[in-house]
Amino acid sequence: MNAKFYVTTPIYYVNDAPHIGHAYTTILADVLARFHRALGDDTFFLTGVDEHGQKVEQAAQKRGLTPQAHCDDLAPRFTSLWKKLGISNDDFIRTTQDRHKRIVQMILQKVYESGDIYQKEYEGLYSVAEERFITEKEAESGQFREVKTIKEKNYFFKMSKYQDRLIKYIEDHPNFLRPDHRRNEMLGFLRQPLTDLCISRPKARLSWGIEIPFDREYVTYVWFDALINYISAIGYGTDDAKFKRFWPGVHLIGKDILTTHSIYWTTMLFSLDLPLPETIFAHGWWLMGESKMSKSLGNVVRPLDLIEQHGVDAVRYYLMSEMILGQDANFTPENFIKRYNSDLANDFGNLLNRVSGLIGKNHGNVIPEAGTPTEAEAAIMAQGQILGKNVQALIADYKVDAAINEVMNLIRAVNKYMEMQAPWKLAKTDLPAAGRVLYTATEALRLAAVLLKAVMPDKAMIVLEILGAHDSGLTWGELKSGVTLPSFPPLFPRIELEKKT
Ligand code: MSP
């Protein structure tokens, strides 16, 4: 029986157009979704945009637009970029959609009636930039901007009530918060007593939000609203069968939003009596030099520029292979070109060109017979035969970069094997032996293409079509001898550094 796989990205604020950081999480979710679909898993992939709250309201004001007009203008920039990046999401949620607002209000009402929401007057420090009340300690850290004292009546969610239960849950479920250092970070955070969460904003201060159903003077705090997207989109409260089919899911997030997911969201789910997410995986940041790539720092890389220069699949490949999942990575155009040239142009592209060139020259352009393997072929075959399983295990463990590297290791081994066997020389004395080498190399390319389909859907498909193997699988030997190779332009032309500088 196949498993199910429900994967989500954060819903992105629509205060500006998406950058590489946003594209990264979305491509990562796409790669995982594609892998799971290929395994036959019942897969659902959700992404979307976060449209309420102060940041969006301010961005709209700056542009002289109503918040809704601003959101309607910006949301398509995300959907159209995802389309360009080959993102295969099954749904795209906008938090201003009725289907979402209704569920947020239903949940607020439910939690209120259960006694987990109460009103109180509160005087405390508020960070306008972060849009939340902060503790004295946080204020002292100097990490919060635009801090002022605010005294106001608000609604609070009894987050503190669930602290012990949450600690126990995290301790009992090692795969729940990943990677491990993030799990430890959260357990450390939970050593301090949790405060309750302020989940309302008086309309007098902020009007752009979902109205609190039991007090129309208030709107919902943007995070309480946003986190609910993960269940409102899959039918919580409207389509029980769909909801049960997919929940709980896997949340991919950046490390900047770990607390909101592992503490706010989980305690909300406890209150609703729903299972917690299967996994919350926090990846690192893309840095530019020493600092995080972010709009406020003005150092963002626009995915569209990169796609235009190097093509979608090269961008997907670079982002997936360069960042070790869980750690920060540095984005530089030089790194991009270096990885592209070494992995795609040299290792993969050259092998394909070389093999097809030799098949053209010495074997009538027809994929030769596999022949009887010698020791050299057996070694490549052994590596190829376990590759699928190894890659699947790495993917199941969220090690996408390592999975890609495993595939490239086969390609590198085949490049060495080609050097050793020299089928261009062999062809002069023993044509079937030369054919055997070329069959083995071509089969390795086919297998690599099957496994790289999730990362580079277009290029991998082109390779498979060239080899007449577009619907082939992971078993070594599926490549058919006798297929005539078409002529094709180089798949990954080398990028010349001089031209870029
Ligand atoms: N709207 C909230 C999330 C709500 S989820 C219920 C939000 N949005 S955001 O637009 O700021 O996007 C945050 C996410 O974008 C990060 O968690 C991360 O996944 C991605 N990234 C944004 N900048 C990034 C980098 N520089 N590097 C890597 N990813 C980063 O927070």
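Counting convention: from 1, in listed order, for ligands and their atoms alike.
- Counting only heavy atoms from C-beta outward, the side chains of Y340 and Y318 never approach each other to under 4.5 Å.
- When only interatomic distances are considered, the shortest N/O to N/O separation between Y230 and ligand 1 does not fall below 3.5 Å.
- Taking each heavy atom of K84 and V312 in turn, the nearest pair found is O-CG2, 3.1 Å.
- Salt bridge status for K255 with E185: absent, with no side-chain N to carboxylate O gap under 4.0 Å.
- The shortest N/O to N/O separation between G254 and ligand 1 falls below 3.5 Å.
- Atoms of ligand 1 lying under 4.0 Å from at least one heavy atom of H19, given by number and element, are 22 (C), 23 (N), 24 (C).
- Residue Y13 places at least one N or O, backbone or side chain, under 3.5 Å from an N or O of ligand 1.
- Contact between V463 and L491 at its shortest, heavy atoms only, is CG2-CD2, 3.2 Å.
- Under 4.0 Å is where a charged nitrogen must lie from a carboxylate oxygen, and between D41 and K4 no such pair does.
- Both tests hold for R165 against F270: distance to the six-membered ring centre under 6.0 Å, angle to the ring axis within 45°.
- Residue-to-ligand polar distances place D256 within reach of ligand 1: an N/O pair is separated by less than 3.5 Å.
- Of the N or O atoms in N229, none lie within a sub-3.5 Å distance of an N or O in ligand 1.
- Distances below 4.0 Å separate heavy atoms of A226 from the following atoms of ligand 1: 6 (C).
- Within the structure, the closest approach of H261 to ligand 1 falls below 4.0 Å when heavy atoms are considered.
- The shell of residues lying under 4.0 angstrom from ligand 1, judged by heavy atoms, excludes W265.
- With ligand atoms numbered from 1 in the order given, ligand 1 contributes 1 (N), 2 (C), 4 (C) to contacts under 4.0 Å with heavy atoms of D50.
- Cation-pi contact between K153 and Y122: absent, since separation from the ring centre below 6.0 Å together with deviation from the ring axis within 45° is not met.
- Against a heavy-atom cut-off of under 4.0 Å, G284 is close to the following atoms of ligand 1: 28 (C).
- Ring planes of F133 and Y126: perpendicular class, angle over 60° (limits at 30 and 60°).
- By heavy-atom distance, the residue among H22, K55, E51 lying nearest atom 15 (O) of ligand 1 is H22.
- If you number the atoms of ligand 1 from 1 as listed, the ones under 4.0 Å from a heavy atom of W286 come out as 25 (C), 26 (N), 27 (N), 28 (C).
- If you number the atoms of ligand 1 from 1 as listed, the ones under 4.0 Å from a heavy atom of W285 come out as 27 (N), 28 (C).
- Taking the six-membered ring for Trp, Y264 and F224 have ring centres at least 6.0 Å apart.
- The shortest N or O to N or O distance between T25 and ligand 1 is under 3.5 Å.
- Between I11 and ligand 1, an N or O atom pair is found at a separation short of 3.5 Å.
- Tested against K203, the residues E217, E57, E211 include a single salt bridge (charged side-chain N to carboxylate O under 4.0 Å, His left out) partner, E211.
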